[in-house]
Amino acid sequence: MTSLRLAVQDAFKQAVAGLTDDPIDVPVQEVPEGKPGHYGTPVAFMLAKALRRPPPEIAADVVARFVPPPGVLRAEAVGPYINVFVDPGGFVQGLLQRPLDQPPRDEKVIVEHTSVNPNKEAHVGHLRNIVLGDAVARILASAGFNVEVQNYIDDTGRQAAESLFAAAYFGQTPPADAKLDRWYGELYVRLGEAKEQDGDAIEAGVTDVMHALERGERRDDVAAIVQAQLETFWALGVVYDVLVWESDVVASGFLERGLDVLKASPYVTQPSEGKYEGALVMDVSSFIAGLEEPNVVLVRRDGSAMYVAKDIGYQFWKAGLFDGLAFTPFAEQPTGGTLYTSDPQGEPSPDGRQFAHAQDIVNVIDVRQSHPQTLVRAALALSGTEEGRVASEHSRHLAYEVVTLEGQAMSGRKGITLAIDDVLVEATDRAAAVVKEKNPDLANAEAVARSVGLGALRFAMLKSEAKRMIDFRWEQALNLQGDSAPYVQYAHARAASILRAAEAEGLQDADADFAQLSELELGLARQLARFEDVRDEAAAALAPHLVAQYALDVAASWNAYYNHRDENGRPDTAVLRSEPGLREARLALVRETARTLAHVLGLLGIDAPDAM
RNA sequence: GCACCAGUAGCUCAGUGGAUAGAGCAGCCGCCUUCUAAGCGGUAGGUCGAGGGUUCGAAUCCUUCCUGGUGCACCA
């Protein structure tokens with residue numbers, strides 16, 4: 001809440017305190033369009049029962065007792081509501097130069113996202129995961145958290161083995177200029193088809209490669225695929241702090257140590273007879289209600305661990321309960337920072353960096369994995385350790401719905417996909433065509449086209465709630481008008497253009513006369529003032545769509561202000577043609593608008609060009 | 001069968017206890033003698049899936065039902 005709204009709330013509390021002894025929460029909300037006042041409260045309703053009087057009477061009483069804080073002109077009872085009127089000039093001034101990020105606080109949160117199997121190129125289904133995780137990480141950082149982004153590399157899984165084996169099976173070696181994730185992905189699909197004729201031999205070969213992977217023998221091959229995938233993620237403007245390889249997690253003994261902890265739990269048993277004879281199972285019925293089958297297998301009869309068991313060790317490590325992984329730099333990321341990787345030859349704290357040891361854990365994984373994710377949290381909670389219980393409570397699964405392709409489910413195995421690389425090219429091309437048409441003389445047209453195309457794409461993935469299904473259609477995903485990133489970017493460019501002209505004219509902020517500002521400016525300023533609430537709510541709910549929707553709101557308010565006309569239909573908000581004094585005050589508001597728009601877009605990982 | 005998610009304007013979606021339920025797209029009517037029309041204004045369009053309940057107040061909370069999606073392996 002802005003300081004002004006807090007002050008209004010306090011003043012209401014003071015006024016209410018004389019009427020009742022009970023401490024009462026006083027909500028302060030925006031007054032709807034068309035009603036008198038700017039901020040208001042329905043608190044009179046809440047007092048009605050205790051005071052046994054009608055709300056409008058109480059509202060009048062509260063108004064009589066209300067002492068306006070600085071910046072507030074007066075309060076007025078509007079029926080049962082109590083509304084206050086704000087001084088426009090003071091309000092705008094209070095907004096200028098406000099910090100848009102929370103000061104850093106000593107609370108670490110790990111965001112695990114992407115985690116694409118290292119055997120194929122990423123498609124638009126993965127795009128949602130990547131963009132969502134990246135936006136959440138940015139929002140959490142802005143809300144003051146110490147954020148560590150992890151990308152889990154499942155290098156011992158079946159998929160990686162299949163792609164590597166496919167190359168050998170078909171006798172292929174990658175051409176020098178091949179993008180390896182795509183190259184292996186195509187072979188992976190071909191191998192799937194070949195299984196129908198030659199299933200047994202392929203199965204044997206894949207198994208051999210899986211064993212080799214477990215021994216760490218094909219690490220370089222997998223790393224080459226990971227490198228190729230990273231090129232795509234970097235092109236999206238996404239960066240990571242550390243890659244965590246499954247083989248390293250296993251080799252570090254986290255699996256065994258996790259299992260040792262669990263074996264001491266009363267919920268974990270190894271039946272000597274029946275359906276689960278010889279397996280290690282966990283009874284999760286006390287954690288998950290309504291299960292037909294309360295037992296979950298952690299370790300198979302043959303001694304091999306299930307995914308859930310492996311993940312428990314990884315989650316324990318994230319929470320700082322296990323140590324022992326070593327790290328080494330993997331790459332310098334073009335968009336900033338060193339990317340580290342787990343590596344048996346590395347060191348525990350390279351360059352003084354300490355990984356894991358997080359208080360909060362966010363796992364960005366699609367909704368179909370909700371069940372196994374719940375099992376992992378159940379295992380942590382039922383481990384019988386206090387640390388496990390805490391880790392369970394502080395880990396959240398950010399579940400997002402799947403992306404379909406023109407109504408069809410995507411499938412890497414069947415080759416029904418749309419690669420991010422291809423979508424990026426198309427997005428940039430479409431944006432470039434529009435830039436050329438709208439602004440043929442634009443200096444850095446190519447860079448702007450990239451920002452606009454990528455922005456449109458990211459925005460399409462973020463503007464709705466994560467639990468909403470997305471059907472990818474070109475026209476919608478690359479929409480350059482309406483509810484889209486380019487709409488917001490354009491609003492920003494417009495503001496930037498005014499600021500450039502003002503600078504060329506040598507206008508000085510010091511000449512601003514804020515007293516000349518009116519209701520017109522206040523409307524826009526109130527929109528800007530919502531930012532802190534939106535940011536903190538989005539961080540708490542892991543909900544970037546709130547930020548995206550807010551970006552649209554700010555752009556719309558600014559565009560409405562920009563185009564405003566008086567009763568005679570003449571523009572009455574032309575900043576640079578305003579009277580001196582008013583002109584500079586308006587300019588300050590425009591600067592604040594541009595700053596807010598750029599920052600909000602930044603939280604979504606979207607550029608804000610100064611011209612387009 | 002059990003569990004989770006969704007159902008709001010023709011379409012795609014915002015809005016999770018407060019004031020006449022909002023936006024984009026599609027439709028219709030306007031606005032560039034321009035601080036960038038990738039924009040703005042207006043108009044039309046809604047039994048907020050259905051029924052019951054809680055509340056001064058419900059799209060929002062509870063409950064039953066309907067429809068659609070997903071999940072319930074010694075896979076991940």
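We name chains A, B, ... by the order of the sequence lines, and we start the count at 1 in each one.
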So if I take every side-chain heavy atom of A/A574 and compare against B/A19, B/C35, B/G39, which nucleotide ends up nearest?
B/C35

Would you please confirm or rule out a distance under 4.0 Å between OP1 or OP2 of B/C40 and any side-chain N or O of A/Y487?
yes

Looking at every strand, decide which applies to A/L546 at a 4.0 Å heavy-atom threshold: base, sugar-phosphate, or nothing.
sugar-phosphate

Rounding to an integer number of Å, can you tell me how far A/H397 NE2 sits from B/A3 P?
20 Å

Select from A/S464 and A/A555 the residue whose nearest nucleotide in RNA chain B is closer to the 5' end of that strand.
A/S464

Roughly how many Å apart are B/A9 and B/C61, using the C1' atom of each and rounding to a whole number?
26 Å

Of all the choices, B/G39, B/C40, B/C13, which nucleotide is nearest to the side chain of A/Q549 once you look at every atom?
B/C13

Check every strand shown and say whether A/V434 touches a base, only sugar-phosphate, or nothing at a heavy-atom separation below 4.0 Å.
base

Toward the 5' end of RNA chain B, which comes first, A/V78 or A/Y307, by nearest nucleotide?
A/V78

With a 4.0 Å cut-off on heavy atoms, is A/Q476 in touch with a base, just the backbone sugar-phosphate, or nothing at all?
sugar-phosphate

Looking only at side-chain atoms of A/R494, point me to the closest of B/A38, B/A76, B/G39.
B/G39

Would you indicate what A/M469 reaches in the nucleic acid, counting non-hydrogen atoms under 4.0 angstrom: base, sugar-phosphate, or nothing?
sugar-phosphate

What is the distance, to the nearest angstrom, from the CE atom on A/M46 to the C1' atom on B/C56?
11 Å

Touch check for A/T404, heavy atoms < 4.0 angstrom, all strands: base, sugar-phosphate only, or nothing?
nothing

Using a heavy-atom cut-off of 4.0 Å across all strands, would you classify A/V299 as base, sugar-phosphate, or nothing?
nothing

Establish, yes or no, whether the cationic atom of A/R494 lies under 6.0 Å from the six-membered ring centre of A/Y562 and within 45° of the ring axis.
yes

In terms of base orientation, is B/C32 syn or anti, with the syn window spanning 90° either side of 0?
syn

If the threshold is 4.0 Å, N to carboxylate O, is there a salt bridge linking A/E503 and A/R500?
no

Would you mind checking if A/R301 and A/E277 are paired as a salt bridge, meaning a charged N to carboxylate O distance below 4.0 Å?
no

Please report the distance, rounded to the nearest Å, between CG in A/L375 and C1' in B/C4.
13 Å

Gap between atoms CZ and P, on A/R565 and B/G39 respectively (whole Å):
16 Å

Whole-Å P distance, B/G27 and B/C65
43 Å

Using the C1' atom as the point on both nucleotides, what is the distance between B/G22 and B/A59, in whole Å?
12 Å

Counting only side-chain N and O atoms of A/R468, is one of them less than 4.0 Å from OP1 or OP2 of B/G7?
yes

Length of the line joining A/L480:CG and B/C25:P, which is rounded to integer Å
12 Å

Separation of B/A14 atom P from A/D483 atom CG, nearest Å, is 11 Å

State whether A/R473 places a side-chain N or O below 4.0 Å from either non-bridging phosphate oxygen (OP1 or OP2) of B/U12.
no

Using a heavy-atom cut-off of 4.0 Å across all strands, would you classify A/D154 as base, sugar-phosphate, or nothing?
sugar-phosphate

OP1 or OP2 of B/A37 less than 4.0 angstrom from a side-chain nitrogen or oxygen of A/Y562, does that happen here?
yes

Base, sugar-phosphate alone, or nothing: which one does A/E277 contact when heavy atoms must sit under 4.0 Å apart?
base

Do A/E401 and A/R468 have side chains that get closer than 4.5 Å, going by heavy atoms?
no

Inter-nucleotide P distance (B/A50, B/G7), Å rounded
12 Å

Between the main-chain N or O of A/R450 and the side-chain N or O of A/T428, is there a donor-acceptor pair closer than 3.5 Å?
no

N/O (side chain, A/K275) to phosphate O (OP1/OP2, B/C74) under 4.0 Å:
no

Please state how far atom CZ in A/R368 lies from atom C1' in B/A73, giving the value in whole angstrom units.
17 Å

Just the rounded figure in Å: distance from P of B/C31 to CG of A/N563.
14 Å

Counting distance only, does the side-chain N/O of A/N363 pair as donor-acceptor with the main-chain N or O of A/E112 below 3.5 Å?
no

Between B/C5 and A/K467, is there an OP1 or OP2 to side-chain N/O distance shorter than 4.0 Å?
no

Give a yes/no verdict on base stacking between B/G18 and A/F45: centres under 5.5 Å, planes within less than 30° of parallel.
yes

Counting the atoms with a prime plus P, OP1 and OP2 as sugar-phosphate, which does A/A48 contact under 4.0 Å by heavy atoms, base, sugar-phosphate, or nothing?
nothing

Scan A/A491 against the nucleic acid and name what it touches under 4.0 Å (heavy atoms): base, sugar-phosphate only, or nothing.
nothing

Taking only side-chain nitrogens and oxygens of A/H545, does any of them come within less than 4.0 Å of OP1 or OP2 of B/G15?
yes

Would you call A/E57 and A/R52 a salt bridge, using N to O less than 4.0 angstrom?
no

Does the base of B/A19 carry an N or O that pairs as donor and acceptor with the side chain of A/N83 under 3.5 Å?
yes

With the stacking rule set at 5.5 Å and 30°, tell me whether A/Y81 counts as stacking on B/G18.
no

Can you tell me which residue among A/Y314, A/W245, A/Y307 is in a ring pair (Phe, Tyr, Trp, His ring centres under 6.0 Å) with A/Y152?
A/Y314

